[in-house]
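Given the structure is predicted, the values throughout are model-derived calculations rather than measurements. Just so we're on the same page: letters track the sequence lines, and every chain starts at 1.
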Amino acid sequence: MADTAATPDTDIPPPAEPGQSHLFLVDGSGYIFRAYHALPPMTRPDGVPVNAVFGFSNMLVKLIDDMDADHMAVIFDASRFSFRNDIYPQYKAQRPDAPEDLVPQFPLIREATRAFNAPCIEMDGFEADDIIATYARQAVEKGWRVTIVSSDKDLMQLVRDGIDMFDPMKNVAIGPDQVMEKFGVAPNKVIDVQALAGDSVDNVPGVPGIGIKTAAQLIDEYGDLETLLERAGEIKQPKRRENLIEHAELARISKQLVTLKDDVDVPEPLGDLVVRGIDSDKILAFLREQNFKRLIARFESEAGQAAGETAATAAVSAPTGEEADYALVTTLEGLHGWIAAAEAQGTVAFDTETTSLNAMRAELVGVSLALAPGKACYIPLRHVGTAAQGELLAAPSSGDGPEQIPFDDAIAALKGLFENPAVLKVAHNAKYDCLVLSRPANGGIAVAPIDDTMCASYVLEGGLHGHGLDELSLLHFEHRNIKFEEVCGKGKSQIGFAEVPLDKARDYAAEDADMTWRLHQVLRPRLVEEHMTTVYETLERPLIPVLVDMERNGIRVDPKILNDMSADFAKRMVEREGEIHDLAGEPFNVASPKQLGEILFDKMGLAGGKKGKTGAYGTGADVLEGLAAQGIELAEKVLDYRQIAKLKSTYTDALVDDINPETRRVHTSYSMTGAATGRLSSNDPNLQNIPIRTEEGRKIRTAFVAEPGNLLLSVDYSQIELRLVADIAGLETMRAAFREGIDIHAQTASEVFGVPLGEMTSEIRRKAKAINFGIIYGISGFGLARQLGTPQGEAQQYINAYFERFPGIRDYMDEMKKRAHEWGFVETRFGRKVHINAIREKNPAMRNFGERAAINAPIQGTAADIIKRAMVRLPVALEKANSKARMLLQVHDELLFEVPEGDVEATAALVKEVMEGAAAPVLNLSVPLVADAGWGESWATAH
DNA sequence: GCCGTCACG
DNA sequence: GACGTACGTGACGGCG
């Protein structure tokens with residue numbers, strides 16, 4: 001949604017010829033609904049919802065900025081009934097009423113249109129689309145260019161020479177190519193396709209059994225709808241033929257419904273739709289009423305008014321560099337002043353500036369502090385002299401660098417503040433700043449206590465949007481932060497933050513601390529109001545210092561093992577490549593799916609279909625395995641090549657480069673807010689996807705080793721997600737099986753297929769296992785069939801049998817879907833909310849996707865909550881037991897420790913106990929949680 | 001920068 | 001009745 005507010009690169013339609021008039025027709029009604037669903041909820045101070053108004057205003061500003069229109073109009077639907085209801089009463093009849101918080105925005109958007117001095121057009125009895133069609137026709141007849149601002153597919157029939165469309169949400173032009181992509185036919189045939197395919201949303205009936213794909217194919221073959229209907233008898237498929245003959249009249253009515261009327265007696269003559277200039281007073285009055293600060297600031301500065309005049313009336317003033325007046329602190333006295341103020345009030349927001357996004361490699365360059373909205377400072381610590389802009393060839397340093405407090409003095413003072421238990425330190429992504437500051441080279445500061453606005457946002461609005469500071473500033477304050485690239489440049493000419501001139505560094509750094517402060521003001525109280533305090537305080541906040549320690553610990557990786565493997569892989573890749581080229585009869589890039597597809601399917605003529613989007617052949621492992629099973633040696637060789645190439649590039653080669661030169665260990669970074677379900681994710685490098693499933697890949701794990709005298713201890717939950725399913729859905733026999741320690745998949749197979757445990761075969765057990773997994777993912781007949789390689793009908797029968805045997809599962813699934821639809825989110829057993837955006841999609845495929853996510857999220861998320869609880873308790877438990885064990889890694893259901901040899905057994909027992917008890921006392925599960933421990937010299941032998 | 005592919009739970 | 005499918009991630013090479 002950040003895109004709608006302002007996007008620098010806009011794929012605007014081509015401009016008009018010199019001297020040619022250009023008319024913009026904005027589909028106001030269409031835009032309202034799209035903006036409403038695309039943008040998160042947003043209210044002005046008096047509580048009136050304004051997210052669609054905000055999106056609309058930004059869109060208009062952009063249009064006026066970027067486009068060369070001399071004529072324009074914004075067009076609305078006057079009411080929900082039009083002449084089409086006389087033709088077909090059910091047309092658009094089953095449309096639900098507009099959402100409650102959208103209704104008050106309709107009049108506001110018309111008001112916005114008038115405030116921007118744009119003509120606002122609507123007519124009883126006609127839809128906006130008809131008025132647009134009429135103006136477009138009139139304009140083209142006069143030789144004008146027309147751009148329709150909408151992404152509504154119903155308007156695509158109008159695209160032709162002189163008329164194009166522009167999608168204001170995605171910022172892309174829609175021309176004949178895009179129409180062809182959507183409907184499979186040229187714009188002038190779109191109505192024929194729509195007439196056949198119908199539209200369930202608008203209640204256009206169409207012909208039963210025919211969708212867009214089939215319709216396009218038919219129109220392509222027969223030329224147009226009438227010809228097709230006349231010659232319907234020639235159609236080969238019996239069902240389709242019958243339907244076309246029987247429902248020919250329905251198709252003709254549908255065509256009438258979808259055909260836009262382009263001769264409406266429009267209320268304003270075309271010539272009156274001229275673009276009039278902006279009236280600043282008018283527009284500012286409107287924007288102030290909505291409290292759109294960024295837009296206000298913009299029009300104020302355009303009008304030459306004194307900035308800040310309205311700041312007093314705004315709830316939170318907009319901190320642009322000029323008006324916020326951030327301080328640069330370059331004396332120790334100055335710093336002491338800020339620290340004293342922070343200690344006096346007990347809360348301070350801060351941010352660190354460094355040389356790297358990788359906290360284990362970052363050198364501290366400066367720190368910013370904020371004490372109140374707009375009141376912030378920057379303390380440069382390691383800035384160096386820099387060439388003035390444009391003097392790239394000048395010496396980079398003019399001697400001793402800019403004036404700043406000596407590093408050790410400043411750090412000593414800041415350490416007092418950051419370690420002061422009476423002062424709450426607020427940061428955005430505090431894990432990063434804490435880790436940077438904790439390293440001896442950066443002061444060795446143990447920051448506490450801390451609050452993290454990123455985690456707070458995640459807990460409140462996880463799944464709705466990202467949680468970066470820039471995104472949240474825009475979302476909550478309509479404020480656009482200075483971009484890092486604006487300060488440091490990008491690409492080759494990018495400079496380090498230490499080289500940024502102090503005034504620019506101050507504006508950038510202080511702004512981040514300032515916005516963090518403001519976010520904290522907004523989000524903290526919401527945690528209480530929205531009952532998310534427990535999740536934040538027990539699952540996220542205490543995890544931060546735990547993860548800081550884990551990331552700093554890192555894990556030892558033996559580069560020699562990886563280098564040897566890499567050399568071996570390189571040799572084998574060359575061999576495979578040669579064999580593949582011989583088999584293909586020509587050299588080509590084996591790593592290119594495109595070239596491989598052409599060899600396999602064009603040159604060799606093997607069976608295999610094109611893929612929808614890009615038109616490229618699919619050459620995934622499943623396809624190649626199919627070919628290999630048919631005895632195609634080439635496919636087998638490519639699979640082998642792919643496996644080796646993956647292992648080499650992603651693991652053996654890359655991991656060596658990730659060894660930190662200082663610690664000689666590999667330090668991953670965990671993202672606490674990346675996964676919507678509550679899971680962590682690991683990156684730079686990702687240590688949560690180190691190979692294990694194949695023999696070859698597993699060898700990578702031999703390179704992950706313990707320090708001499710230590711062992712790696714791995715403890716992982718056994719079947720935690722399935723146990724949670726059994727508990728949540730009340731599956732009594734499954735619960736009993738878990739309690740008695742029976743093989744759960746065999747037990748399931750026995751229940752579902754009626755085979756006694758004594759007669760169980762591995763094949764039947766395999767099927768049951770796949771179903772058990774499928775349940776967790778929101779099963780579908782198609783998905784299970786693909787997994788098992790059985791026909792879809794058979795897979796569906798398995799599912800039916802499963803539901804029959806375990807009715808609680810179906811109830812659970814229905815309940816989660818219902819909640820997701822009603823509330824927009826589902827919850828884990830610990831109360832974590834997982835918002836499901838896709839649930840509001842009108843595209844059924846996307847909505848189904850949302851429903852499956854809603855089924856999976858409480859299961860995956862509850863498991864994530866449980867291991868987080870264990871991770872918070874473990875350092876305390878280990879400490880209490882005087883253990884020297886260090887927690888190194890988390891892989892969703894596994895924890896990896898480095899333990900002195902002699903302590904392994906005791907530590908394993910302790911870890912197992914904490915993990916198995918992690919759901920209690922909040923949750924009293926009806927199934928036991930079981931964790932299995934293993935240890936060895938390397939991760940390969942520990943597992 | 002997007003897409004296809006593939007590594008993990 | 002059609003959509004196009006198992007859930008959640010991150011990283012790589014190819015390609016335009």
Side-chain angles (χ1 to χ4, degrees), chain A residues 9 197-200 205-215 243 463 589-597 611-624 638-639 642-643 645-651 653-655 668-671 674-694 697-698 700-701 716-717 719-721 770-771 773-788 792 795 799 834 841-861 863-864 867 890-894:
Chain A
D9 310 302
D199 184 333
S200 58
V207 174
I210 296 187
I212 287 194
K213 283 240 169 82
T214 311
N243 276 333
N589 187 346
V590 184
S592 161
K594 185 167 172 277
Q595 293 180 32
L596 175 65
K611 268 210 176 158
K613 272 192 178 164
T614 55
Y617 291 113
T619 67
D622 47 349
V623 176
L624 296 185
V638 171
L639 281 167
R642 285 236 181 109
Q643 192 195 14
K646 175 85 177 182
L647 293 175
K648 183 172 186 299
S649 69
T650 308
Y651 301 103
D653 290 353
L655 272 174
T668 184
S669 172
Y670 289 100
S671 166
T677 53
R679 272 192 179 182
L680 298 175
S681 74
S682 156
N683 62 79
D684 191 26
N686 183 352
L687 294 186
Q688 289 181 325
N689 71 347
I690 303 302
I692 191 168
R693 290 174 187 170
T694 67
R698 212 183 168 110
I700 304 276
R701 295 193 173 219
D716 70 314
Y717 283 112
Q719 303 285 2
I720 185 167
E721 294 192 353
I771 304 175
F773 269 101
I775 292 297
I776 294 170
Y777 297 150
I779 203 154
S780 76
F782 183 95
L784 182 64
R786 209 167 65 100
Q787 179 66 34
L788 285 174
Q792 190 172 337
I799 296 172
V834 180
E841 280 284 345
K842 69 173 190 186
N843 176 327
M846 303 276 279
R847 203 171 50 239
N848 289 341
F849 183 71
E851 289 181 347
R852 290 195 299 271
I855 291 165
N856 173 261
I859 304 166
Q860 191 184 108
I867 198 167
Q890 188 249 44
V891 193
H892 309 308
D893 63 358
E894 172 191 6

Subject >> Separation between the P atoms of C/dG4 and B/dG4, rounded to whole Å >> reply: 14 Å

**OP:** Send over the distance from A/Asp653 CG to B/dA7 C1', rounded to a whole Å.
**Re:** 15 Å

Original post:
Under the side-chain contact (heavy atoms from CB on, under 4.5 Å) criterion, do A/Ser671 and A/Leu680 qualify, and how do the steps go?
Top reply: CA-CA 6 Å; A/Ser671 166; A/Leu680 298 175; over 6 Å; no

Original post:
Using atom P of each nucleotide, how far apart are B/dT5 and C/dT5 to the nearest Å?
Top reply: 13 Å

**OP:** Please figure out whether A/Gly674 or A/Gly209 has its closest DNA chain C nucleotide nearer the 5' end.
**Re:** A/Gly209

**OP:** Pick the C1' atom in B/dC8 and in C/dC3, then give their distance to the nearest Å.
**Re:** 30 Å

Original post:
Between B/dC6 atom P and A/Asp622 atom CG, what is the distance in whole Å?
Top reply: 8 Å

**OP:** Please evaluate the base of B/dG9 for a donor-acceptor partner in the side chain of A/Arg693 within a cut-off of under 3.5 Å?
**Re:** yes

Original post:
So does A/Ser681 get a side-chain nitrogen or oxygen closer than 4.0 Å to the phosphate oxygens (OP1/OP2) of C/dG10?
Top reply: yes

**OP:** Once you apply the 3.5 Å cut-off to both distances, tell me the Watson-Crick or G-U wobble partner of B/dC2, or none.
**Re:** C/dG14

Original post:
When we call it a touch if two heavy atoms are under 4.0 Å apart, what does A/Glu894 touch: a base, just sugar-phosphate, or nothing?
Top reply: nothing

Subject >> From C/dC3, C/dT5, C/dG13, nucleotide with atom closest to A/Pro844 side chain >> reply: C/dC3

Subject >> Value in whole Å for how far the C1' atom of C/dG8 lies from CD of A/Gln860 >> reply: 4 Å

Original post:
With distance as the sole criterion, do the side chain of A/Ser780 and the base of C/dT5 form a donor-acceptor contact below 3.5 Å?
Top reply: yes

Subject >> Validation row: A/Asp622, A/Arg786 side chains within 4.5 angstrom (heavy atoms) >> reply: yes

**OP:** Output the single nucleotide from B/dG9, C/dG8, C/dG10 whose closest atom is nearest the side chain of A/Asn683.
**Re:** C/dG10

Subject >> A/Ile771 vs A/Gln787 side-chain heavy atoms within contact, under 4.5 Å >> reply: no

Original post:
Under 4.0 angstrom, heavy atoms only, what part of the nucleic acid is A/Ala676 near: base, sugar-phosphate, or nothing?
Top reply: sugar-phosphate

**OP:** May I have the distance from A/Gln792 (atom CD) to C/dA6 (atom C1'), rounded to whole angstrom?
**Re:** 12 Å

Subject >> Of the listed nucleotides C/dA6, C/dG4, C/dC12, the one nearest the side chain of A/Ala654 >> reply: C/dC12

Subject >> A/Ser592, nearest nucleotide to its side chain (from C/dC15, C/dG4, C/dG8) >> reply: C/dC15

Original post:
Roughly, in whole Å, what's the span from CG in A/Leu687 to C1' in C/dT9?
Top reply: 14 Å

**OP:** Check every atom of C/dG13, C/dA6, C/dG16 against the side chain of A/Lys594 and return the nucleotide holding the closest atom.
**Re:** C/dG16

Original post:
Where the side chain of A/Lys646 is defined as all heavy atoms beyond and including C-beta, which of C/dA6, B/dT5, C/dG8 is the nearest nucleotide?
Top reply: B/dT5

Original post:
Taking it one step at a time, do A/Ser681 and A/Gln688 satisfy side chain to side chain donor-acceptor pair (under 3.5 Å)?
Top reply: CA-CA 8 Å; A/Ser681 74; A/Gln688 289 181 325; 5.6 Å; no

Original post:
Shortest non-hydrogen contact from A/Ala785 to A/Gln792?
Top reply: CB-CA, 3.6 Å

Original post:
Under 4.0 Å between a side-chain N or O of A/Asn689 and OP1 or OP2 of C/dT9?
Top reply: no

Original post:
Side chains of A/Pro685 and A/Leu687: closer than 4.5 Å at any heavy-atom pair?
Top reply: yes

**OP:** Give a yes/no on whether any side-chain N or O of A/Gln643 is located under 4.0 angstrom from OP1 or OP2 of B/dT5.
**Re:** no

Subject >> A/Ala654 to A/Ser649 - nearest heavy-atom pair and separation >> reply: CB-O, 3.5 Å

Subject >> Nucleotide nearest A/Ala675 when distance is taken to its side chain, options C/dG8, C/dA6, C/dG4 >> reply: C/dG8

Original post:
Under 4.0 Å: is that the gap between some side-chain N or O of A/Ser682 and OP1 or OP2 of B/dC8?
Top reply: no

**OP:** Select one nucleotide: of C/dC7, B/dG9, C/dC15, the one nearest the side-chain heavy atoms of A/Asn856.
**Re:** C/dC7

Original post:
For A/Asn589, which contact category applies under a 4.0 Å heavy-atom criterion: base, sugar-phosphate, or nothing?
Top reply: sugar-phosphate

Original post:
Which base sits across from C/dC3 as a Watson-Crick or G-U pair, both distances under 3.5 Å?
Top reply: none

Original post:
Contact class for A/Ala645 vs. all strands (heavy atom < 4.0 Å): base, sugar-phosphate, or nothing?
Top reply: nothing

Subject >> Donor-acceptor under 3.5 Å (A/Gln595 side chain, A/Asn589 main chain) >> reply: yes

Subject >> Whole-Å distance separating the CZ atom of A/Arg701 from the C1' atom of B/dG9 >> reply: 10 Å

Original post:
Across the strands shown, which category fits A/Ile859 at heavy-atom distances under 4.0 angstrom: base, sugar-phosphate, nothing?
Top reply: nothing

**OP:** Remember a base hit wins even if backbone is also touched, and classify A/Gly620 as base, sugar-phosphate or nothing at under 4.0 Å, heavy atoms.
**Re:** sugar-phosphate

**OP:** Round to the nearest Å and state the distance from A/Gln688 atom CD to C/dA11 atom P.
**Re:** 11 Å

Original post:
Taking C-beta and beyond as the side chain, do A/Gln643 and A/Leu647 meet within less than 4.5 Å on heavy atoms?
Top reply: yes

Original post:
Which part of the nucleic acid does A/Leu647 contact within heavy-atom distance under 4.0 Å: base, sugar-phosphate only, or nothing?
Top reply: nothing

Original post:
Which nucleotide sits closest to the side chain of A/Ile779: C/dA6, B/dG9, C/dG10?
Top reply: C/dA6

**OP:** Using a cut-off of strictly less than 4.0 Å, decide whether A/Arg679 has a side-chain nitrogen or oxygen near OP1 or OP2 of C/dG8.
**Re:** no

**OP:** Whole angstrom is fine here: how far is it from CZ in A/Arg698 over to C1' in B/dC8?
**Re:** 13 Å

Original post:
What is the nucleic acid contact for A/Gly198, judged by heavy atoms within less than 4.0 Å: base, sugar-phosphate only, or nothing?
Top reply: nothing

Original post:
Quick one: which of C/dC7, B/dA7, C/dC3 gets closest to the side chain of A/Pro691?
Top reply: B/dA7

**OP:** Identify, between A/Pro593 and A/Ala845, the residue whose nearest nucleotide on DNA chain C lies closer to the 5' end.
**Re:** A/Ala845

**OP:** Report yes if a side-chain nitrogen or oxygen of A/Arg642 is closer than 4.0 Å to either non-bridging phosphate oxygen (OP1 or OP2) of B/dA7; otherwise report no.
**Re:** no

Subject >> Sugar-phosphate, base or nothing in reach of A/Ala770, heavy atoms under 4.0 Å >> reply: base

